[in-house]
Number of protein chains: 2
Amino acid sequence: MLDERKAAILRAVVEEYIATAEPVGSATVARASELAVSPATIRNEMAGLERDGYLTHPHTSAGRIPTDKGYRFFVDNMAPTGNLQPGQRAAVRDFFNRAHGALEQMLHDTSQLLSGLTDYAAVVVGPPHEAATIRSVHLVGLAPKVALLVAVLSNGVVEKRAVELADDVTETRIAAASSHLAQHLTGSALGSLVAPPSIGDVVTDGVVGAAFGGLASGDHSDETDHVFVGGASRMAAAFDTVESVRHVLATLEQQFVVVTLLRDVLDRGLSVAIGAETGLEPLAECSVVVAPYEVEGELAGTIGVLGPTRMNYPQALAAVAVVSQRLGRHLTEG
Amino acid sequence: MLDERKAAILRAVVEEYIATAEPVGSATVARASELAVSPATIRNEMAGLERDGYLTHPHTSAGRIPTDKGYRFFVDNMAPTGNLQPGQRAAVRDFFNRAHGALEQMLHDTSQLLSGLTDYAAVVVGPPHEAATIRSVHLVGLAPKVALLVAVLSNGVVEKRAVELADDVTETRIAAASSHLAQHLTGSALGSLVAPPSIGDVVTDGVVGAAFGGLASGDHSDETDHVFVGGASRMAAAFDTVESVRHVLATLEQQFVVVTLLRDVLDRGLSVAIGAETGLEPLAECSVVVAPYEVEGELAGTIGVLGPTRMNYPQALAAVAVVSQRLGRHLTEG
DNA sequence: ATTAGCACTCAAGTGTACCGAGTGCTAACG
DNA sequence: CGTTAGCACTCGGTACACTTGAGTGCTAAT
């Protein structure tokens, strides 16, 4: 553990570097920190911090910049749990008061909100579907050989699956299958479906089977369906080479990877992953701040912010905390 | 109009610049073009081309690069309507044979495909909803004061709208409203809906009205709902400053702008918009290649590719043409 | 009309010198 | 003994001069 003064110096370096993106030298620290000591003393201490792996040196005659470990210490031991600026607080409140309807739109807009608050990219992962129960199921014929299964879930999500039909299934058979499905599936959780019993008619049974299979099998692809990434362009500004931007963008485009990342971080009991801690090569220069949100007391989903390792952690933590909380409350009530 | 030789030289410059991204000089053109003339002659001609606005000069001792006008001429008069590479042809065929079900998933995947073919960003705009007819409508109660209206359209799209209810509308009233809506709206086009007649019960009528209002009013936001942008990270590689990338990204994130852009270009009867022709400031360094696709003979939607002005037009045109055609055919059949 | 020849331009690369920010070390200080 | 002033040292950045070479535009010869 670091002694009092080393910690203060580290904090000063981190805060300064976050603000300016330039290596910070002993003089700057002496000025910025509350410590009434000379730059020389600061230098000695910084040498120690470097030996212990909290700081680095781009080159001999430059100031210090934090390492991942340095950021980690900063976040764990002294992130001031910043508050949002009053204007931002108001923006969040406004946003959630102007309650929009559909869940998916809501999550999408939330990712925009969060990105706007932080000026980084924001990710919002919707509630998993397995837990939700089915409120209604309908099978609708579309074309001669294809029908669409539409299920409305208790959380407001609408799941749809195309169902391939054998040749010339009549409208009435589809209707029969539809009501049979509705009768047996309504009320059960998507994660634990049991196949409806046979109805006697072999054609209808086939339709029911196909439709049911679509619903049950689709589960694994669920996660992919409701991830919303907002403001990717904002985080571009935080990097200085096109290559870095491309790597990060490419990663953000893989929804599955993003979802996994957030879940991983949460599973490890963290709320921040810094640089290599993300476990993803292309995100080596990035940090992620995550928070779960709860609906009706149950863990429902995750939100997160992705920015450069030198992101404004206090601000990002505050934004994520506030938004996750309000989002959860909003979804619980509405 | 350009004489034979000038055209050949312009073509050589454009093709070379597209390939190398470096200003091309008279010697290179003399080597690359079929013309059996000396660099000096080429120089004279290039000076003419520059005077006429087809080429520019980054600086005195550099080669020439095409202007927007130069690209325009190239595209209009001699884009070789390139063919896809055999491997890519096969990839497209494979893609459309492995027909996935739901329309939206399909469009999303198509944007990925197109982006993969061209290595630029791809945009796919789905069919407008107004033309589609309603195949089925259901109103599903979600929470005490909120229900969800779900409409399945003939093109396979599922529209959903949250409907706010007055206090304590009973399940049976919702059911009544649902079947009343189904009875009167099924079969009509989303663009020309007429309000269902009163049913006698004032509460139920209220629910019906609210639901109907949601459907009818939502039209304008339709376009936003089904634009799919794929491979934005790919086009990052084509630019050399982070700023450029950010501008383009930010534009691509505004779905409405993207849709409008594609429609505008098509409305002007173009299939390519180059640089300033896009009409969008942040896309000054970009070109867009678009094509409509038809479902059952009717114009249904648009696809497009967005890349740098020095994009590989023949390739992009070929890719867009093939994909739009196969997409249309696929949607018509399936 | 074409082209060889040539003077000219200018970006990019190279070497040198210098500045200055910042360090690490040492010796003095309280 | 911790702190600090002083100082030599390091090294990236900038400025400048110089060279190189790609490429042009013009002119005069073919």
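In what follows, chains carry the letters A, B, and so on, assigned in the order in which the sequence lines appear, proteins first and then strands, with residues in each chain numbered from 1.
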Report yes if the side chains of [X] and [Y] come closer than 4.5 Å at any heavy-atom pair, otherwise no.
| X | Y | answer |
| --- | --- | --- |
| P308(A) | E285(A) | no |
| V288(B) | L261(B) | yes |
| P66(B) | Y17(B) | yes |
| I303(A) | V125(A) | no |

Quick check on contacts: within residues 24-40 of chain A, what sits under 4.0 Å from DNA chain D by heavy-atom distance?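 Nucleic-acid contacts, sorted: A36(A), V37(A), S38(A), A40(A).
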
Quick check on contacts: within residues 53-60 of chain B, what sits under 4.0 Å from DNA chain D by heavy-atom distance?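 Residues of residues 53-60 of chain B under 4.0 Å from DNA chain D: H57(B), T60(B).
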
Distance, rounded to the nearest Å, where [X] contributes [atom1] and [N] contributes [atom2]:
| X | N | atom1 | atom2 | answer |
| --- | --- | --- | --- | --- |
| I9(B) | dG23(D) | CD1 | P | 15 Å |
| R51(A) | dC25(C) | CZ | C1' | 13 Å |
| E45(A) | dC25(C) | CD | P | 15 Å |
| R64(B) | dC10(C) | CZ | P | 14 Å |
| I42(A) | dA5(D) | CD1 | P | 12 Å |
| Y17(A) | dG22(C) | OH | P | 14 Å |
| E4(A) | dG2(D) | CD | P | 17 Å |
| N44(B) | dA29(D) | CG | P | 17 Å |

Y54(A) vs F73(A) aromatic rings, parallel, tilted or perpendicular, using cut-offs 30° and 60°?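 Aromatic pair Y54(A)/F73(A) classed perpendicular.
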
For H108(B) and F228(B), take the angle between the two ring planes, folded into 0 to 90°, and tell me which bin it lands in: parallel under 30, tilted 30 to 60, perpendicular over 60.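 H108(B) and F228(B): perpendicular rings.
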
Using a cut-off of less than 4.0 Å, is there contact between a side-chain N or O of [X] and OP1 or OP2 of [N]?
| X | N | answer |
| --- | --- | --- |
| R5(A) | dG2(D) | no |
| T41(A) | dT4(D) | yes |
| R43(B) | dG5(C) | no |

Strictly distance-based, threshold 3.5 Å: is any side-chain N or O of K6(A) a donor or acceptor partner for the main-chain N or O of M46(A)?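 Here the side-chain-to-backbone pair does not exist.
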
What's the spacing between L49(A) CG and R5(A) CZ if we round to 0.5 Å?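 It comes to 10.5 Å.
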
Intermediate values then yes/no, salt bridge (charged side-chain N to carboxylate O under 4.0 Å, His left out), R72(A) and E277(A): CA-CA 10 Å; R72(A) 167 53 63 196; E277(A) 294 176 2; 2.5 Å; yes

